[in-house]
There are 2 protein chains.
Amino acid sequence: MEHLIEKFRQFIKQKGLKYTPEREEILREILSLEDHFDVESLYLQLKKKNSKISKASIYRTLPLLVEGGYIQEVYKQGGHSHYEVTLNKQPHLHFICIQCGEVKEALDHRLNNLIEEFERQSKYRFLTYHLEIFGLCPNCREV
Amino acid sequence: MEHLIEKFRQFIKQKGLKYTPEREEILREILSLEDHFDVESLYLQLKKKNSKISKASIYRTLPLLVEGGYIQEVYKQGGHSHYEVTLNKQPHLHFICIQCGEVKEALDHRLNNLIEEFERQSKYRFLTYHLEIFGLCPNCREV
DNA sequence: TTGTATATTGAAATTAATTTTCAGAATTTA
DNA sequence: TAAATTCTGAAAATTAATTTCAATATACAA
Ligand SMILES: [Mn+2]
Ligand SMILES: [Mn+2]
Ligand SMILES: [Zn+2]
Ligand SMILES: [Zn+2]
């Protein structure tokens, strides 16, 4: 945990930016989250801990965390972006219920193998992928 | 082509909605497009042909066309949605260059097979999927 | 046809996520 | 310290998408 914070500090400095308590606080909070999150939930979570961090700072920090490889934007829902911590996590797919909004993750190595093979067969450089499957969850399908 | 229009008319009526020239005009224009499109490009395209259709009507018609299976929202870029005609098209992946924004399609039956297998192994009902691969296109990777 | 109920239209107003502006505060380096 | 630069929160601005509204068009039965 602390070494991730330290690496973030180095990342920020190396970009010629200033290392601020706000940036560190946002990273710490995100690393403590288990689930997907969005700006609103992160903001409320911080507020609950009496943090005075503004949404503007959150909006300004998230792209840095994406660039540093800490988080990824994984899907849009309800008109806004949702993120997740990507450290120690393999690329995976998201199933999204179009009825109730439930989001479920699944990991399958065959998918990752296939995508790696796509890359080898192409002239592109693959950095990341999003696979979103839309449909009905077990609850919603029985209507 | 005309039978698609007719099927759309039936679809609209069967929903208890009214069949209007605006709705038909939007569908005709979309069916004539070869590429992905967004609201702005569709609006300008219609305007070029002296159509007086408003953006509001486009925004109102696109969800009907999605519901009817004519189009799909395929990705967000530049903060807004992009669509494509899905008739006579198999599900496919999109490669998006994070540098220049180029979007390229690819079709691979192994991917579709794999996703069908995911569905069989799950308790979910899969309706559609989006696979977006982000990276660098051949031009942009050589820097 | 004609009349009536209902849905649709374009334009303008509204909403909501995200970005930008700005002046004061904090960080960095010397 | 002191100076240079970046960052902050709050408010304003931007922009995709949605909603409102009054006028118009559609559908369908008489
Ligand atoms: Mn996930
Ligand atoms: Mn496509
Ligand atoms: Zn559900
Ligand atoms: Zn490119």
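Just so it is clear: chains get the letters A, B, ... in the order the sequence lines come, proteins before strands, and each one is counted from 1.
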More than 12 foreign heavy atoms under 6.0 Å from [atom1] of [X]: is that the case here?
X       : atom1 : value
K104(B) : NZ    : no
E34(A)  : CD    : no
K7(B)   : NZ    : no

TODO: Would you mind telling me which of dT18(C), dA10(D), dA16(D) lies closest to the side-chain atoms of H80(A)?
DONE: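 The nucleotide sitting nearest to the side chain is dT18(C).
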TODO: Check every atom of dT18(C), dA17(D), dT19(D) against the side chain of S81(B) and return the nucleotide holding the closest atom.
DONE: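 For S81(B), the side-chain atoms sit closest to dA17(D).
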For [X] and [N], what is the distance between atoms [atom1] and [atom2] respectively, to the nearest whole Å?
X      : N       : atom1 : atom2 : result
L62(A) : dA17(C) : CG    : P     : 14 Å
L42(A) : dA17(C) : CG    : P     : 15 Å
R60(A) : dG9(D)  : CZ    : P     : 7 Å
H82(A) : dT18(C) : NE2   : P     : 9 Å
E25(A) : dT8(D)  : CD    : P     : 11 Å
I53(A) : dG9(D)  : CD1   : P     : 6 Å
K76(A) : dA16(D) : NZ    : P     : 12 Å
E40(B) : dA17(D) : CD    : P     : 11 Å

Task: Same cluster (ILVMFWY, side-chain, under 4.5 Å), L65(A) and L46(A) - done: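 Linked within one cluster.
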Task: Hphob cluster co-occupancy, Y129(A) + V103(A), side-chain heavy atoms under 4.5 angstrom - done: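 Y129(A) and V103(A): separate clusters.
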Fit a plane to each ring of [X] and [Y], take the angle between them on a 0 to 90° scale, and name the class: parallel (under 30°), tilted (30 to 60°) or perpendicular (over 60°).
X       : Y       : answer
Y19(B)  : F8(B)   : perpendicular
H92(B)  : H36(B)  : parallel
Y124(B) : F126(B) : tilted

- [ ] Return no unless some side-chain N or O of Y59(B) is found under 4.0 Å from OP1 or OP2 of dT18(D).
- [x]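 No, Y59(B) has no side-chain N/O under 4.0 Å of OP1/OP2 on dT18(D).
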TODO: Please list residues of residues 4-24 of chain B whose heavy atoms come under 4.0 Å from any atom in DNA chain D, ordered by number; otherwise none.
DONE: K13(B), K18(B), Y19(B), P21(B)
Task: Axis-to-axis angle between the two ends of the helix from dT1(C)-dA30(D) to dA30(C)-dT1(D) (five base pairs per end, rounded to 10 degrees) - done: 30°
TODO: Check Q45(A), H80(A), K55(A) against E40(A) for a side-chain hydrogen bond (donor to acceptor under 3.5 Å, both in side chains) and give me the one that passes.
DONE: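 The option that passes is K55(A).
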